[in-house]
Structures are given as structure tokens and as C-alpha cells.
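Here the structure is a predicted model, which is why all the values come from computation and not from measurement. Throughout, residue positions are numbered sequentially from 1 according to the sequence presented. All values below were derived from every heavy atom in this structure, side-chain atoms included, with hydrogens, water molecules and symmetry-related copies excluded.
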Amino acid sequence: MPVLFDRLMKLKEMFNSKFGSIPKFYVRAPGRVNIIGEHIDYCGYSVLPMAVEQDMLIAVEPVETQTLQLANTNPLYPDFSTNANNIQIDKTKPLWHNYFLCGFKGIQEHFGLSNLTGMNCLVDGNIPPSSGLSSSSALVCCAGLVTVTVLGMNLSKVELAEICAKSERYIGTEGGGMDQSISFLAEEGTAKLIEFSPLRATDVKLPSGAVFVIANSCVEMNKAATSHFNIRVMECRLAAKLLAKYKGLQWDKILRLEEVQAKLGVSLEEMLGIVEDALHPSPYSPEEVCRCLGISLQELRTQVLSPNTQNVLIFKLYQRAKHVYSEAARVLQFKKICEEAPDNTVQLLGDLMNQSHVSCRDMYECSCPELDQLVDICRKFGAQGSRLTGAGWGGCTVSIVPADKLSSFLANVHEAYYQRSDRNLTFEKQSLFATKPGGGALVFLEA
């Protein structure tokens with residue numbers, strides 16, 4: 001906490017020099033690392049993240065006018081101001097302030113408010129951007145909590161998480177809700193199994209003999225600026241519809257792969273068998289999807305595809321469904337091993353993380369050469385398991401490392417990946433670090 005206190009004091013000072021006044025309160029929301037369960041939250045499946053110590057902090061002062069003034073301690077992110085009652089979010093540009101506006105607008109629309117007061121906000125973040133540690137969602141959550149606090153409204157953590165997950169879609173990201181859920185529901189010292197519909201979080205005690213280490217590939221990936229992510233969401237939706245049609249379900253009502261399993265009442269292993277029977281490994285064209293579903297191309301584009309996936313020419317439905325059902329099973333196995341705590345717990349969890357990376361790389365195709373290289377280096381120098389975390393296509397890896405090997409692991413990975421290249425050494429401390437489960441979002445009042 002002393003580090004956080006120092007940051008708050010520095011933020012107060014900067015706020016005063018920026019706005020000529022003292023903040024009334026501060027809000028903190030953490031980033032997260034997803035230990036296992038990649039790209040399955042938006043398919044309806046449980047995930048297993050923990051909050052990291054890095055976070056977003058916002059110093060806030062409500063004002064009498066209707067002007068919302070946003071500033072950032074990082075000079076790379078320019079100031080922004082707008083009318084609090086006329087929020088416009090430009091989906092084409094993932095600018096930093098748009099993530100704040102998502103959280104603000106989400107709360108505004110939830111309560112149906114039209115005459116909001118303005119505020120001065122100074123944002124300070126130490127989560128590396130575009131690293132897969134959820135800096136953008138932490139900012140959305142922080143902004144949602146700021147807005148609720150200014151309004152004097154009461155919402156539960158679960159309600160806040162659900163509103164913020166929905167409101168991040170204003171920027172065009174079709175995420176599933178994991179990032180916002182762990183930001184609010186995290187507790188120090190424990191990872192969480194996050195389940196959806198209804199949203200709930202269960203403690204998962206991680207093994208004491210191991211440490212989770214995050215390593216940044218230094219390849220930035222901006223979720224909202226790429227179509228990769230939204231194409232995967234759509235491929236999963238189409239796979240769900242084709243599987244439902246194959247099994248005689250009402251396919252037009254189905255959006256998620258989990259719904260197919262629930263309606264059929266079968267296990268994840270049985271779903272993998274159904275995928276083998278119902279889908280072929282070669283890619284599907286939009287025309288073939290239409291033939292399978294018995295609809296026209298026009299109906300596919302207007303009723304099924306999202307605006308940003310209407311021009312996609314191939315869909316890999318078999319591979320995406322295989323990844324989702326197998327990854328959902330790995331999450332449940334991971335939790336079970338943590339609960340049962342056999343002697344070889346760390347090795348078993350590592351095996352699951354390794355399997356997850358292979359599936360992300362080969363079936364979901366969301367890795368990149370640098371992530372694959374970094375995973376190999378981590379395993380070579382003592383990680384029992386290592387995998388990409390976050391959306392992929394860049395960002396970070398997470399590795400499970402026996403505690404007694406930690407210092408040699410950090411030194412060797414540092415030399416092999418960071419020193420032997422011109423990778424961004426300004427992010428040194430943020431590039432490679434051991435982490436433990438941190439707490440969730442908080443409000444601090446100015447004493």
C-alpha cells in the first residue's frame with residue numbers, strides 16, 4: 001500500500017496544478033491476467049483470471065457545469081473535454097478517452113439520466129497498454145465507478161461489472177465480460193472462477209509452491225483497432241448455429257457455443273465429438289454457411305453477421321469450436337486440481353496451460369511468432385507451463401514457475417528474450433514480473 005499512497009499523493013499534486021483544486025475522491029480498478037480460459041467468456045463459458053497489482057487510478061472532482069474534463073498523467077494521451085449530456089463515442093478510433101466515455105455512458109444509460117453534472121478527472125495508469133492485461137477494461141470500470149460515486153447511486157459489484165461489460169461494446173469490442181468482472185470481483189490472495197448467466201465468482205486457491213510470472217512480448221495489440229477479435233466472436237456464433245441446426249435445435253435463437261451444450265444436456269467431451277461429426281476442418285465460405293442454415297446471403301449479412309464482419313470471406317468454424325469446448329474443459333480441470341491439490345499439482349496445472357497455448361496457436365490462431373518464442377523460452381528456463389494471455393496477437397504470456405526457480409527463471413528469460421534484441425527496454429520492470437492475486441476496484445475519499 002505505501003506505493004499506492006505515494007501515487008495518490010503525486011496524483012493529487014498533479015491534479016491541483018492541472019485544475020487548480022483538490023480532488024474529492026479517487027477510484028482504483030485493477031488490470032488482470034487470465035490464467036486459463038482464453039476466448040471463451042463470450043461463448044458463455046467460465047474463465048479463471050486474477051487481478052494484478054497494476055491498475056488505473058482516477059482523481060475526481062465534481063463541478064457545477066456540464067463539462068466533463070479528462071486529463072492523463074501520461075503526455076502521450078491528450079486532454080479531452082465534452083458535454084456530459086452529449087457523449088459521442090467514435091468506434092473508428094480507439095482513443096484513450098473513449099474508454100472512459102464507455103463507462104460514463106453505461107451508467108448514464110442504466111439510470112436513464114439526462115441532466116448530469118460535469119467533473120474534472122485526472123487518470124493515471126501503470127498497466128502496460130495493449131499488453132493483454134486489460135488496461136482498456138480497467139479504465140472503463142474505473143470510469144463506471146467514478147460516475148456512480150459522483151451520482152451518489154448504489155450498485156452491487158456484480159451490477160457494475162455487467163453494466164461495464166455491456167458499455168465497452170460502445171467502442172466496437174464484442175467482449176464477453178471477464179475483464180470487467182474480475183476488475184470488480186477480485187479479492188487479494190485468490191484467483192477467481194468467473195461464471196456467466198448469472199454472473200458469479202468463486203475463489204480458486206492457487207498452489208503455494210508456485211509463482212505466476214507475466215512476460216510482455218512487446219508486440220502491442222489493440223483489440224478495438226483490429227478485426228481479428230470480432231471475426232473470432234462471429235466464427236463462434238456461426239459454429240454454434242451450425243451445430244444447433246445439425247442437432248435439430250432452433251438455431252436462429254442460439255448465439256453461443258455454451259447454449260448448444262446446455263440445450264443438448266451433454267458433456268464438453270461429447271460436444272467435441274459432435275463438432276467432429278457436424279463440422280469440417282476446411283474453411284466455410286459465406287455461401288456454404290447460407291446453404292447449411294437455409295438462408296440467403298442477404299439474411300446472413302443483415303440478421304447474423306455484425307457490421308464489421310460482413311465482408312469476411314472465410315470462416316474456420318471447426319477449429320474455433322474445438323478450441324472453445326476443449327478450453328472450457330481445461331478451466332474446470334484446472335479448478336479441480338487446485339481444489340484437490342495432489343503432490344504434482346504444479347506439473348498438472350502447467351500441462352493444462354501448455355495445452356491451452358497449443359490450442360490458441362493452432363486452433364484459434366490468436367498467437368504470433370514473438371509469443372510462441374517467449375513461451376518456448378519460459379518453458380526452457382523452468383516454467384512448468386506457459387501460454388499467451390489476453391486476446392493474443394501480441395501482449396503477454398503467463399507462466400507457472402516453481403517458487404524455488406523464480407530468480408534464475410527471471411534472469412534467464414530476461415537475457416534470452418529482452419537483452420538479445422532491441423525490445424523496448426523502457427518497459428523493463430513492466431515487461432517481466434512475478435504477480436500474486438490482487439484486490440478489486442475501490443473508492444478512496446479525500447481525507
Mind listing the closest non-hydrogen atom pair of [X] and [Y] along with its distance?
{"X": "L185", "Y": "K192", "answer": "O-CE, 3.4 Å"}
{"X": "A434", "Y": "V211", "answer": "CB-CG1, 3.5 Å"}
{"X": "L48", "Y": "V331", "answer": "CD1-O, 4.1 Å"}
{"X": "C366", "Y": "A391", "answer": "CB-O, 3.6 Å"}
{"X": "I127", "Y": "S134", "answer": "CD1-O, 4.4 Å"}
{"X": "A328", "Y": "I40", "answer": "CA-CD1, 3.7 Å"}

Between [X] and [Y], does any side-chain donor sit less than 3.5 Å from a side-chain acceptor?
{"X": "E168", "Y": "Q180", "result": "yes"}
{"X": "D372", "Y": "S367", "result": "yes"}
{"X": "Y325", "Y": "E269", "result": "no"}
{"X": "E327", "Y": "S356", "result": "yes"}
{"X": "Q108", "Y": "T147", "result": "no"}
{"X": "E288", "Y": "S285", "result": "no"}

Find out whether [X] and [Y] are in side-chain contact, i.e. whether some heavy atom of one side chain is under 4.5 Å from a heavy atom of the other.
{"X": "V158", "Y": "E162", "result": "yes"}
{"X": "M234", "Y": "S306", "result": "yes"}
{"X": "Q303", "Y": "I295", "result": "no"}
{"X": "L249", "Y": "L264", "result": "yes"}
{"X": "T149", "Y": "V60", "result": "no"}
{"X": "Q261", "Y": "E270", "result": "no"}
{"X": "F315", "Y": "L305", "result": "yes"}
{"X": "F433", "Y": "N216", "result": "no"}

Please check this pair: side chain of [X] against backbone of [Y], looking for a donor-acceptor N/O pair closer than 3.5 Å.
{"X": "S131", "Y": "G395", "value": "no"}
{"X": "R232", "Y": "E365", "value": "yes"}
{"X": "R320", "Y": "M363", "value": "yes"}
{"X": "S183", "Y": "P30", "value": "yes"}
{"X": "K166", "Y": "G106", "value": "no"}
{"X": "W393", "Y": "V219", "value": "no"}
{"X": "Q310", "Y": "R301", "value": "yes"}
{"X": "K205", "Y": "T190", "value": "no"}
{"X": "E220", "Y": "G394", "value": "no"}
{"X": "E235", "Y": "K316", "value": "yes"}

Task: salt bridge (Lys or Arg N to Asp or Glu O under 4.0 Å), paired with E38, selected from R387, R330, R361 - done: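 Among R387, R330, R361, the one meeting salt bridge (Lys or Arg N to Asp or Glu O under 4.0 Å) with E38 is R387.
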Open item on the list: How about CD on E188, more than 12 heavy atoms from neighbouring residues, nucleotides or ligands closer than 6.0 Å, or not?
Closed with: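 Not buried by this count: 12 neighbours or fewer within 6.0 Å.
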Task: Heavy-atom neighbours of D277 CG exceed 12 at 6.0 Å - done: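 It does: D277 CG has more than 12 such atoms within range.
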Within this structure, what is the [atom1]-[atom2] distance for the pair [X] and [Y], rounded to the nearest 0.5 Å?
{"X": "S217", "Y": "L374", "atom1": "OG", "atom2": "CG", "value": "6.5 Å"}
{"X": "I107", "Y": "L160", "atom1": "CD1", "atom2": "CG", "value": "5.5 Å"}
{"X": "K335", "Y": "L332", "atom1": "NZ", "atom2": "CG", "value": "8.0 Å"}
{"X": "L11", "Y": "D124", "atom1": "CG", "atom2": "CG", "value": "5.5 Å"}
{"X": "N354", "Y": "R379", "atom1": "CG", "atom2": "CZ", "value": "3.5 Å"}
{"X": "I89", "Y": "F104", "atom1": "CD1", "atom2": "CZ", "value": "10.5 Å"}

TODO: Indicate yes or no: does R291 engage E287 in a salt bridge with an N to O separation below 4.0 Å.
DONE: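 A salt bridge is absent here (no side-chain N lies under 4.0 Å from a carboxylate O).
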TODO: Determine, step by step, whether E259 and K263 satisfy the salt bridge (Lys or Arg N to Asp or Glu O under 4.0 Å) criterion, reporting the C-alpha distance in whole Å, the side-chain angles of both residues, the deciding distance to 0.1 Å, and the verdict.
DONE: CA-CA 6 Å; E259 294 168 51; K263 288 213 166 19; 5.1 Å; no
TODO: Could you list all the ring pair (Phe, Tyr, Trp, His ring centres under 6.0 Å) pairs where at least one residue sits in residues 348-369, not counting sequence neighbours?
DONE: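 Those involving residues 348-369 are H39-Y364, H323-Y364.
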Task: Pairs touching residues 263-293 that satisfy ring pair (Phe, Tyr, Trp, His ring centres under 6.0 Å), sequence neighbours left out - done: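 Of all non-adjacent pairs touching residues 263-293, those that pass ring pair (Phe, Tyr, Trp, His ring centres under 6.0 Å) are H280-Y284.
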- [ ] Step by step, work out the ring pair (Phe, Tyr, Trp, His ring centres under 6.0 Å) result for Y42 and F229.
- [x] CA-CA 11 Å; Y42 54 77; F229 185 87; 5.5 Å; yes
- [ ] Determine, stepwise, if the pair F80 / L68 fulfils side-chain contact (heavy atoms from CB on, under 4.5 Å).
- [x] CA-CA 8 Å; F80 177 80; L68 180 58; over 6 Å; no
- [ ] Begin from the C-alpha positions of Y318 and S282 and carry the test side-chain contact (heavy atoms from CB on, under 4.5 Å) through to its verdict.
- [x] CA-CA 8 Å; Y318 168 87; S282 55; over 6 Å; no
TODO: I would like to know whether N126 and M56 meet side-chain contact (heavy atoms from CB on, under 4.5 Å); could you show each step before the answer?
DONE: CA-CA 7 Å; N126 61 5; M56 286 287 170; over 6 Å; no
- [ ] Given side-chain contact (heavy atoms from CB on, under 4.5 Å), test Y246 with L279 step by step and report yes or no.
- [x] CA-CA 9 Å; Y246 177 81; L279 302 174; over 6 Å; no
